[in-house]
Amino acid sequence: MSEKLWNSSQLRRYDLDLEQIPRLHYTDPKVDELISQNKPVLITGSNIINTATNVWTPEYLEENLGNAGHTVFLSKNHKFKYFDESKMLSRSNPMGIEFIPPTRKTRMKVGEFMKKLREWKPGNERLYLQQPLNNTIGPQLVRDFLHFDWDYLNSKQEKHKWGELTSNLLLISQEGNVTPCHYDEQQNFFGQLYGYKRCILFPPSDFECLYPHPVHHPHDRQSMVDFDNPDHVRFPKFKNAKGFETVVEPGDVLYIPIYWWHHVESLMRGGPTVSVNFWYKGGSTPFNQQYPLKDYQKISIMRNVEKMLLGVLQDPKEVGPLLRSMVLGRYTD
Ligand code: OGA
Ligand code: ZN
């Protein structure tokens, strides 16, 4: 392993029970064992993202990302909690939830973004560029991308019966930025290209410890718990969450299994970071479904029940009371 170029003072401090995610060489057969069990694993030594590792630096991206506008989030603090605009109340969406976004979503050319990063000083809004790679990216980046180790990626996709590759998100972060704890409904190969990020993962079975917002809320899939200042009265089971962490280095690829919770932070005082992820659809349910169901399949069922109830009740405020009267004293002990 390469020399460690960061120290623990660069990690934010949380009151969490954490163990290390296994770091395995890409040729180690245990990699496939863990992926097939939907467990996280840090894959080292591979060529997956070699043509971009320590190549897609902020300077190189400024030169080669292209001249289109890119999605940039602005935050008054270090947290960038994702929100789904389509679930917000608006004239075109009278069923939406009244909600004040915690960050500002805007578009910027990469040059403008980099200039703001260079000139940034405390008190300024923090910035985080999050742009899916698409047909606007410059030709040099396209070449680098085409030379990723697609043989390896495709072999994992096939072996583990994942669905199609849906997107690659490019993330250019300022040091110290945090993506708060959430889960995605896709399999993720998270590739670290430049700088260091700490990733804290929790299994889908920690659902009750992490208190996700209701599915109709703009913060759907995000934990309601603020790790910086957890409200143990509202969220008493948070203290029972058992996390798995690792710090990803340039060249590392972290497998974040579908429906696994993850919190991601760019190390403090570590300079900007660059990552690219690979999001794959989950496999389709086999005709011959095996029982008992996997934890993550139950999360999917809960999401569908929530969505269905909202569909028939029409009012989000009616969902909780109905579930309560259905469950209390009948399915509780
Ligand atoms: C992801 C993700 C956040 C980050 O790739 O699914 O949540 O800050 N990334 O890198
Ligand atoms: Zn995510």
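Numbering starts at 1 and runs along the sequence shown. As the structure lists them, so they are numbered: ligands from 1, and atoms in each ligand from 1.
Asn54 and Tyr60 share no side-chain donor-acceptor pair at under 3.5 Å. Side chains of Tyr196 and Gln10: no donor on one and acceptor on the other come within 3.5 Å.
Looking at Asp184 against ligand 1, only its side chain comes within 4.0 Å, counting heavy atoms. For Asn188, every heavy-atom contact with ligand 1 shorter than 4.0 Å involves the side chain, none the backbone.
Nearest-heavy-atom check against atom 4 (C) of ligand 1 across Tyr128, Phe80, Tyr183 picks out Tyr128. The residue among Gln192, His263, Lys197 with a heavy atom at the shortest distance from atom 10 (O) of ligand 1 is Lys197.
Given atom 3 (C) of ligand 1, the protein heavy atom at minimum distance is Thr179 OG1, 3.5 Å. At the top of the distance list for atom 9 (N) of ligand 1, counting protein heavy atoms only, stands Phe190 CE1, 3.9 Å.
For ligand 1, the atoms closer than 4.0 angstrom to any heavy atom of His182 are 7 (O). Of all atoms in ligand 1, numbered sequentially from 1 with element shown, those under 4.0 Å from a heavy atom of Trp279 are 1 (C), 6 (O). For ligand 1 and His262, the ligand atoms under 4.0 Å from any heavy atom of the residue are 1 (C), 2 (C), 6 (O), 7 (O).
A cation-pi arrangement is absent between Lys298 and Tyr296 under the rule of less than 6.0 angstrom and at most 45 degrees off the ring axis. Both tests hold for Lys4 against Trp6: distance to the six-membered ring centre under 6.0 Å, angle to the ring axis within 45°.
Within the structure, the closest approach of Tyr82 to ligand 1 does not fall below 4.0 Å when heavy atoms are considered. Distances from ligand 1 to the non-hydrogen atoms of Glu265 include no value under 4.0 Å.
Summary: OD2 is the N/O/S atom of Asp184 found nearest to the Zn ion (ligand 2). Among heteroatoms of the N, O or S kind in His262, NE2 lies nearest the Zn ion (ligand 2). Between the Zn ion (ligand 2) and the N, O or S atoms of His182, the shortest distance is to NE2.
No donor-acceptor pair closer than 3.5 Å links the side chain of His160 to the backbone N or O of Glu158. In terms of modelled atom types and a separation under 3.5 Å, the side chain of Arg107 and the main chain of Gly69 share a donor-acceptor contact.
Aromatic ring centres of Tyr280 and Trp162 lie closer together than 6.0 Å. Phe238 and Phe227 have their aromatic ring centers within a separation under 6.0 angstrom.
Asp220 has a carboxylate O that lies under 4.0 Å from a charged side-chain N of Arg303, or vice versa, which qualifies the two as a salt bridge.
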